Every structure is written in C-alpha cells, then in structure tokens.
Amino acid sequence: MLNPCSACSADCCKNYVITITSFDAVRIMERTGKGFSEFAVLEPLRLLNFDNDTVLECYRGGLRYDYVLALRSHHCLFLKRDRCSIRSFAPLVCRIYPHTESGQVIGGARCPMAANALFRLKGADRSLPNYRKQLGEYRKLVAEWNRKRGTVAECARFLVSRSRKIGIF
Ligand code: SF4
Ligand code: SF4
C-alpha cells in the first residue's frame, strides 16, 4: 500500500514537540552514539490536557515544576530532506503517529487529507502493541521518579540508568 507520508513535507516532525520515553532515548543513544542531551530534553510542561502519567516533577530553585521528556524538535534533528533518518529505531510515538495509543487516528493531525484517509484505511503501525507496553513501563518509571524527585539533571540520569537496567524495547 502507498506510504501515506510520501506526499507530505513532514509537518509533524517540524511543528510538534515530540514527547518520547526514556526507552526511546536509550535506544537512540545506543544506535547513534549520541549523548542524551544532544537530542533529548526535559521540556517545561506548557500543554493542557497532557497525559499526566508521563509528567515528571523536578525541583528548580527550591520550587517544583513539571516537565515532559521530548526530542529537541523544531525541526527534529533526525529529519533529513523531509524524511526520518532513524526510521527503524525512531521513538515509537513517531512510528505510530497519527494513530494514538488507542489505535484511533488523532483528531487534528497535521497530515494532508489524502494521507489522513490512507492512515485510517491502513490502521495503526504494527509497533502499536510495543508502544503500549513501553508506555506502560515508562509511566511506572515516571511514578517512581515523582516519589523521589530531584533536579532536571538528576531526573535525566535516573531515567537513562533505570531504562538501561530494565533493558526492554
Ligand atoms: S525521530 Fe524521525 S519521525 Fe520522529 S520527529 Fe524526528 S524525524 Fe520525525
Ligand atoms: S504522519 Fe502525517 S504529518 Fe507526519 S509526515 Fe506523515 S503525512 Fe505528514
């Protein structure tokens, strides 16, 4: 079947803050040799209606703030000539987009109309079950962090080291 993205200039990779999990980050670190902060960031949470179970609580100057783990985006540094250069090991959220965790095409997706229709016809990417599993593990890690808390730098170290130990995905 036709690739729905073939006639699109990767609007999603250029315009969204791409939230990932620490398992995605570790996989990308291992495959590219890049350090965590070269491509990932704990982004201060500015979005409403966000998945609260993936919100990381960290201290800055004695006060508590909320963050989400994301790719350094706009544009994503892995986007080359409007195509993903790490497609085979990209964050699972990228691989299932524009489908959501529930398998539905997201309302308000940036895909052109024809691409959107094709995605609906094709159904979700086969990595969806793996994405659900990964997200479940990541939510547990986030809860573990939020019970202990610390600075942003400590949080990044915690996520990477715990994800490496769990070693899945
Ligand atoms: S990792 Fe690939 S698919 Fe995901 S935002 Fe970056 S370029 Fe796009
Ligand atoms: S997922 Fe949608 S917005 Fe992203 S590249 Fe494909 S068609 Fe374009």
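What you see is a predicted model; the values in this text were computed from it and never measured. Counting starts at 1 for both ligands and their atoms, in listed order.
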Asks: Starting from atom 1 (S) of ligand 2, find the nearest protein heavy-atom neighbour and note its residue, name and distance.
Replies: Tyr97 CD2, 3.5 Å
Asks: Determine the sole option in Arg164, Arg162, Gln134 for which the side-chain contact (heavy atoms from CB on, under 4.5 Å) test with Phe23 is passed.
Replies: Gln134
Asks: Using a cut-off of 2.8 Å, find all protein N, O or S atoms closer to atom 2 (Fe) of ligand 1 than that distance.
Replies: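 Near atom 2 (Fe) of ligand 1, the protein supplies Cys84 SG.
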Asks: Taking C-beta and beyond as the side chain, do Asp82 and Lys14 meet within less than 4.5 Å on heavy atoms?
Replies: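 Yes; the side chains approach each other to less than 4.5 Å.
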Asks: Would you call Leu135 and Thr21 a side-chain contact if the rule is heavy atoms closer than 4.5 Å?
Replies: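 Leu135 vs Thr21: side chains touch.
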Asks: Would you give the length of the straight line joining atom OH of Tyr67 to atom OG1 of Thr54, rounded to the nearest 0.5 angstrom?
Replies: 15.5 Å
Asks: Check whether any side-chain heavy atom of Tyr138 sits under 4.5 Å from a side-chain heavy atom of Leu159, and report yes or no.
Replies: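 Yes, their side chains come closer than 4.5 Å.
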Asks: Is any protein N, O or S atom closer than 2.8 Å to atom 8 (Fe) of ligand 2, and if so, which?
Replies: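 Less than 2.8 Å away from atom 8 (Fe) of ligand 2 sit Cys8 SG.
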Asks: For the residue pair Phe39 and Phe36, categorise the inter-ring angle as parallel (less than 30°), tilted (30 to 60°) or perpendicular (more than 60°).
Replies: tilted
Asks: For the residue pair Phe158 and Trp145, categorise the inter-ring angle as parallel (less than 30°), tilted (30 to 60°) or perpendicular (more than 60°).
Replies: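 Aromatic pair Phe158/Trp145 classed tilted.
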Asks: Grab the two heavy atoms, one from Val26 and one from Val160, that are nearest each other, plus how far apart they are.
Replies: CG2-O, 3.9 Å
Asks: May I ask you to check whether Arg95 and Tyr131 show a side-chain donor-acceptor distance below 3.5 Å?
Replies: no
Asks: Under the criterion salt bridge (Lys or Arg N to Asp or Glu O under 4.0 Å), which of Lys140, Lys133, Arg139 is the partner of Glu137?
Replies: Lys140
